[in-house]
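Notes follow the structure.
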Amino acid sequence: MKLYEGNMYWPTTKKSIKYDSLNTDIDKDIAIIGAGMSGILCGYELAKRGHEVVLVEAEEIAKGSSSANTGLLQYSSDKMLYEFIDEIGKENAVLFYRMCHEAMKDLKTLSERLPERGDFVTRKSLYLASKIEDITKLKKEYKALLENDFPVEYIDSKALETDYGIKGTEALLTKEDAEVNPYKFILEISKEAVRLGLDIFENSKVLDIDKSDDCFIIKTKDGSIKAEKLVYATGYKASNYSEIKDGEINRTYALATEPISGDSWKDRCLIWETARPYFYARMTEDNRIILGGEDEEKDSITNSEEKLQKNTLKLLEKLTNLFPHIETKIEYSWNAVFGESDDGIPFIGQDTDDKDVYYCLGFGGNGTVYSMAGSKIIADLIEGKSNKYAHIVSLDRQG
Ligand SMILES: Cc1cc2nc3c(=O)[nH]c(=O)nc-3n(C[C@H](O)[C@H](O)[C@H](O)COP(=O)(O)OP(=O)(O)OC[C@H]3O[C@@H](n4cnc5c(N)ncnc54)[C@H](O)[C@@H]3O)c2cc1C
């Protein structure tokens with residue numbers, strides 16, 4: 001399955017780092033398959049805890065869905081906290097939001113160890129009511145977040161117009177969110193993880209996996225890995241986990257404008273809205289605007305240049321409606337597939353049949369936050385420790 005198509009922005013921002021391909025037989029405690037955001041965060045966490053770990057990637061590191069990622073990091077999920085409370089009960093819903101909030105803090109701490117921080121910058125997020133009826137939803141969400149001590153502020157229509165220049169609606173302002181350059185972030189983490197002892201092999205597609213004597217033999221074209229534990233961090237591409245049936249793949253569009261010369265909007269906050277699918281916007285370090293949305297219920301990318309242009313122009317039009325003072329052009333545009341689970345919760349944890357197999361799959365709009373939380377959960381499970389969030393995201397959770 002092809003993950004994206006178009007003219008990608010992030011890979012132009014940093015020179016790639018080359019890792020060798022696997023051309024020998026090696027022996028490790030843990031093997032991770034897939035070097036996107038999920039794989040690198042798992043590799044980093046496990047190496048940091050002193051495990052002997054190897055990460056194998058079929059193509060190049062950070063060139064899967066993670067390079068299509070628009071890099072908005074938020075503790076809020078696509079599904080509001082009050083909606084989760086209705087669906088899975090208050091205790092688990094609040095715990096799930098706490099997991100995401102904690103992952104935001106962990107991403108920040110990790111970024112502080114990287115030379116260029118992966119362009120991580122703490123931001124607020126402006127969550128706009130797309131239509132007047134949605135203001136009631138925002139008020140409910142504000143109450144739920146506030147009651148459970150999440151950092152949030154309510155922005156009424158007057159303040160929204162005065163401070164942000166946006167007319168005719170209201171918004172929530174969540175704090176302690178962030179923007180990141182996901183491509184740069186992964187490359188920088190990879191260097192740090194290698195320093196901690198992680199082995200990384202690129203251009204080494206896993207072709208076959210056998211298990212005998214409680215050990216996996218993981219075969220690539222020119223080599224093999226013997227490992228006791230196996231972590232799948234294979235993103236949306238993988239087809240080898242039969243248990244992930246309660247999810248779907250959709251298509252989405254994104255663009256990066258040329259750098260703008262004038263002002264953007266207050267505090268360069270992340271912007272999104274209550275409509276589904278939603279439109280979202282953020283700024284980059286070099287003063288471009290990244291926009292995304294126009295999701296379609298299609299499980300593959302489109303190669304149609306015309307369709308890409310049409311949908312990304314719609315995104316630009318939405319920006320202009322919001323901020324008529326911004327004049328800019330599209331410089332990069334791409335479409336990509338992304339996975340979402342039916343219940344809005346990612347798939348992270350142990351295989352239900354083989355306890356030596358683990359999954360860290362960044363399904364959902366908040367994939368990076370889930371990958372970070374997943375790396376800690378998986379490391380705890382591998383070490384036989386309990387993790388207070390594991391039951392919420394586990395593959396056999398009760399839906
Ligand atoms: C357009 C778009 C915008 C997004 N925006 C955001 C956002 O703003 N914020 C956010 O948090 N999330 C966002 N996401 C989601 C985010 O991109 C994903 O959660 C994240 O990329 C998933 O990372 P991953 O490591 O699981 O997958 P990937 O990055 O796809 O990595 C999986 C890797 O596994 C490798 N692999 C697969 N099979 C094998 C094999 N057999 N052998 C070896 N290697 C293998 C693949 O080659 C790939 O490199 C967005 C997604 C898209 C598509």
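Ligands are counted one by one from 1 in listed order, and the atoms in each one are counted from 1 as well. This one's a predicted model, so the numbers in the text were calculated from it and none came from an experiment.
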Below 3.5 angstrom, do we get any N/O pair linking Ser66 and ligand 1? yes

Going by an N to O cut-off under 4.0 Å, is there a salt bridge joining Asp354 and Lys211? yes

Any salt bridge between Glu57 and Lys63, counting N to O under 4.0 Å? no

Among Glu59, Met8, Glu57, which one has a heavy atom closest to atom 35 (C) of ligand 1? Glu57

N/O to N/O below 3.5 Å, does that happen between Ser38 and ligand 1? yes

Tell me whether Ser371 has any N or O atom under 3.5 angstrom from an N or O of ligand 1. no

Check whether any N or O atom of Leu361, backbone or side chain, sits under 3.5 Å from an N or O atom of ligand 1, and answer yes or no. no

Quick test of your reading of the model: are Lys385 and Glu383 salt-bridged, counting only N-O distances below 4.0 Å? yes

Is the Trp272 to Phe279 ring centre distance short of 6.0 Å? no

Taking 4.0 angstrom as the limit, do Arg251 and Asp299 come out as a salt bridge? no

Below 3.5 Å, N or O to N or O, backbone or side chain included: is there any such pair between Thr368 and ligand 1? yes

Ligand 1 contacted by Ile40 (non-hydrogen, < 4.0 Å): no

Contact between Tyr370 and ligand 1, counting heavy atoms under 4.0 Å? no

Contact between Tyr280 and ligand 1, counting heavy atoms under 4.0 Å? yes

Would you check whether Leu3 has a nitrogen or oxygen atom less than 3.5 angstrom from a nitrogen or oxygen atom of ligand 1? no

Heteroatom distance test (Glu60, ligand 1): nitrogen or oxygen, under 3.5 angstrom: no

Provide the number and element of each atom of ligand 1 under 4.0 Å from a heavy atom of Thr252. 1 (C)

Flag the pair Lys184 and Asp119 as a salt bridge only when some basic side-chain nitrogen lies within less than 4.0 angstrom of an acidic carboxylate oxygen. yes

At what distance, to the nearest 0.5 angstrom, does CG of Leu173 lie from OH of Tyr142? 10.5 Å

Look at Glu294 together with Lys318 and state whether they make a salt bridge at an N to O cut-off of under 4.0 Å. yes

If we only count N/O pairs under 3.5 Å, is Gly71 in contact with ligand 1? yes

Based purely on interatomic distance, does Ala336 place a nitrogen or oxygen under 3.5 Å from a nitrogen or oxygen of ligand 1? no

Ring center gap for Tyr358 and Tyr232 short of 6.0 angstrom: no

Let me confirm one number: the OH-SG distance from Tyr370 to Cys100, rounded to the nearest 0.5 Å. 5.0 Å

Checking heavy atoms under 4.0 Å, the part of Ile33 that sits near ligand 1 is side chain

So is Gly367 polar-close to ligand 1, meaning N/O to N/O under 3.5 Å? yes

Is Glu192 paired with Arg195 through a side-chain N to carboxylate O contact shorter than 4.0 Å? yes

Does ligand 1 have any atom that is closer than 4.0 Å to a heavy atom of Gly292? no

